[in-house]
Amino acid sequence: MTTDTTTKVVPTGETVLDARGVTMRFGGLTAVRNVDFTVNAGEIVGLIGPNGAGKTTFFNCLTGLYIPTEGEVRYKGNVLPPKSFKVTAAGIARTFQNIRLFANMTVLENVLVGRHTRTKEGLWSALLRGPGFHKAEAASRERAMELLAFVGLDSKADHLARNLPYGEQRKLEIARALASEPGLLLLDEPTAGMNPQETRATEELVFAIRDKGIAVLVIEHDMRFIFNLCDRVAVLVQGEKLVEGDSATVQGDERVVAAYLGEPFEDAPGKDEVAEVEAAEAHAEAATDAAPGKENDR
Ligand SMILES: Nc1ncnc2c1ncn2[C@@H]1O[C@H](COP(=O)(O)OP(=O)(O)OP(=O)(O)O)[C@@H](O)[C@H]1O
């Protein structure tokens with residue numbers, strides 16, 4: 001396993017991402033409305049909200065996929081360029097809600113693709129395969145292997161991406177995003193479809209990423225994951241930022257609970273729901289006990 005020599009120490013507090021008055025309209029529908037939002041160096045920030053609240057649309061505004069109808073997004077003080085590959089080159093990397101790997105490429109090749117924004121070798125050098133190209137290629141492979149070791153996939157570097165189990169595909173997506181050497185990593189539902197062990201491992205991985213000096217912004221429906229992980233959580237409801245604060249503040253805010261009514265927090269059903277289920281179970285049990293011929297059924 002190679003040692004990662006690129007750990008950076010970033011002073012906390014510096015504003016990495018600064019979104020001001022971001023509005024995104026699709027025809028008559030305002031998906032995101034006048035949102036101010038910051039992420040500081042050293043932070044893990046969560047973005048939550050009910051289905052259709054505008055989270056992914058807002059993410060897309062931060063990564064150059066959408067140009068906001070109104071407002072401005074700055075990364076380390078500079079207004080974001082209006083193209084996603086330029087945003088990646090500027091220092092913001094992301095993963096997607098639906099995994100987007102090159103299924104028929106190897107694990108290592110997927111990470112090497114992620115490095116292209118950091119590879120300075122030009123077309124002629126690549127075509128002529130001169131010494132500059134070979135040196136750059138070796139350095140890229142070494143860095144890619146470091147990143148695979150970091151996410152725990154170095155032993156599978158030669159496997160085809162499509163043959164990895166689901167949880168490892170998500171890890172590979174993260175390694176590929178890290179390959180662009182970002183200052184800010186955006187994770188869109190990183191634990192979707194994961195079992196509890198995989199979710200826990202992802203939590204550790206995100207902490208480790210933050211410890212490398214990379215700020216993290218994460219959208220997730222798993223509230224336990226979000227509240228364990230995040231220094232700060234913002235809640236979007238119907239495109240507007242409703243509440244923002246630390247986990248305890250957000251969890252205790254009545255407006256947040258109200259916004260989620262009818263869509264209870266995962267792993268945390270409301271008292272009424274628990275009582276309702278228990279009453280239904282007791283009723284079913286009583287009915288079974290009273291049923292004639294019950295003894296014969298056993
Ligand atoms: N490209 C688009 N064109 C038109 N409407 C869109 C587009 N993308 C999103 N919307 C609408 O904008 C609103 C916000 O959607 P968005 O996907 O951002 O919500 P979300 O909070 O990410 O939801 P989920 O948690 O279900 O992923 C929804 O009403 C959606 O239908």
Side-chain angles (χ1 to χ4, degrees), residues 17 19-39 44-73 80 82-85 87 92-101 166-167 169-170 173-174 177 184-194 198-199 202-203 206 216-230 232-245 247 250-251 253 255-270:
L17 181 83
R20 293 278 146 214
V22 171
T23 293
M24 185 73 211
R25 290 192 197 95
F26 299 109
L29 178 100
T30 305
V32 174
R33 190 188 300 271
N34 197 22
V35 171
D36 290 339
F37 188 83
T38 56
V39 179
I44 302 174
V45 181
L47 185 62
I48 64 171
N51 286 326
K55 304 178 296 293
T56 298
T57 303
F58 184 61
F59 244 46
N60 290 341
C61 292
L62 304 181
T63 54
L65 270 181
Y66 294 158
I67 300 166
T69 318
E70 284 166 31
E72 193 176 73
V73 183
L80 280 190
K83 288 271 188 293
S84 52
F85 71 91
V87 170
I92 300 181
R94 74 173 292 179
T95 64
F96 290 87
Q97 204 167 329
N98 303 314
I99 292 176
R100 295 190 187 181
L101 291 170
Y166 184 77
Q169 292 196 4
R170 286 242 170 247
E173 264 219 311
I174 292 178
L184 173 66
L185 177 64
L186 272 50
L187 302 172
D188 195 348
E189 299 197 23
T191 72
M194 284 189 174
E198 289 171 331
T199 299
T202 304
E203 216 172 280
V206 176
V216 180
L217 171 58
V218 57
I219 294 179
E220 187 49 79
H221 282 289
D222 181 340
M223 294 298 152
R224 186 176 293 181
F225 176 82
I226 283 285
F227 291 132
N228 275 347
L229 192 71
C230 296
R232 197 150 52 81
V233 178
V235 187
L236 271 193
V237 177
Q238 294 179 3
E240 291 185 72
K241 192 170 75 176
L242 183 71
V243 181
E244 185 173 4
S247 291
V250 170
Q251 270 174 293
D253 193 298
R255 291 168 298 170
V256 177
V257 178
Y260 274 92
L261 272 183
E263 194 175 339
F265 291 173
E266 203 168 303
D267 299 325

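Remember, it's 1-based here, ligands and their atoms both numbered in the order they're listed. No hydrogens, no waters, no symmetry mates; every other heavy atom, side chains included, goes into these values. Counting from 1, the numbers follow the sequence of the chain as shown.
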If we ignore hydrogens and angles and just use 3.5 Å, is the side chain of S84 paired with the main-chain N or O of G64 as donor and acceptor? no
In this structure, does ligand 1 have an atom that sits under 4.0 Å from one of the heavy atoms of G49? no
Considering non-hydrogen atoms only, spot the tightest contact between T57 and M24 and give its length. CG2-CG, 3.6 Å
Can you check whether a protein heavy atom sits less than 4.0 angstrom from atom 31 (O) of ligand 1? no
Determine whether T202 and R170 make a side-chain contact, defined as any pair of heavy atoms from C-beta on separated by less than 4.5 Å. no
Greater than 12 external heavy atoms within 6.0 Å of E198's CD: yes
Can T69 and R25 be counted as having a side-chain donor-acceptor contact under 3.5 angstrom? no
Pair R20 + E72: basic N to acidic O under 4.0 Å: no
Closest protein heavy atom (residue, atom, distance) for atom 27 (O) of ligand 1: Q97 NE2, 3.5 Å
For atom 5 (N) of ligand 1, closest protein heavy-atom neighbour: F26 CD1, 3.4 Å
Do the side chains of P68 and V32 get nearer than 4.5 Å, heavy atoms only? no
Can you tell me if M24 contacts ligand 1 (heavy atom of the residue under 4.0 Å from the ligand)? no
For atom 11 (C) of ligand 1, closest protein heavy-atom neighbour: L29 CD2, 3.4 Å
Is the shortest side-chain N to carboxylate O distance from D36 to K241 below 4.0 Å? no
Could you find the nearest protein heavy atom to atom 17 (O) of ligand 1 and give me its residue, atom name and distance? T56 CB, 4.0 Å
What protein heavy atom sits nearest atom 26 (O) of ligand 1, and how far off is it? N51 OD1, 3.1 Å
Which residue supplies the protein heavy atom nearest to atom 19 (O) of ligand 1, what is that atom called, and how far is it? G54 N, 3.2 Å
Tell me which protein heavy atom sits closest to atom 28 (C) of ligand 1, plus the residue, atom name and distance to 0.1 Å. G52 O, 4.0 Å
Ligand 1 to A53, heavy atom cutoff 4.0 Å, flagged ligand atoms 19 (O), 20 (P), 21 (O)
Contact check, Y66 vs ligand 1, heavy-atom distance below 4.0 Å: yes
Have a look at ligand 1 and work out which part of I219, if any, has a heavy atom under 4.0 Å from it: side chain, backbone, both or neither. neither
Closest protein heavy atom to atom 16 (P) of ligand 1, given as residue, atom name and distance to 0.1 Å: T57 OG1, 3.6 Å
Ionic contact status for R232 with E244, cut-off 4.0 Å: yes
Quick check on side chain to side chain contact (heavy atoms under 4.5 Å, CB included): which of L185, L65, L62 does R94 satisfy it with? L65
If you measure from atom 12 (O) of ligand 1 to every heavy atom of A31, G239, P50, which option wins on shortest distance? A31
Distance under 4.0 Å to a non-hydrogen atom of H221: what atoms of ligand 1 satisfy this? 25 (O)
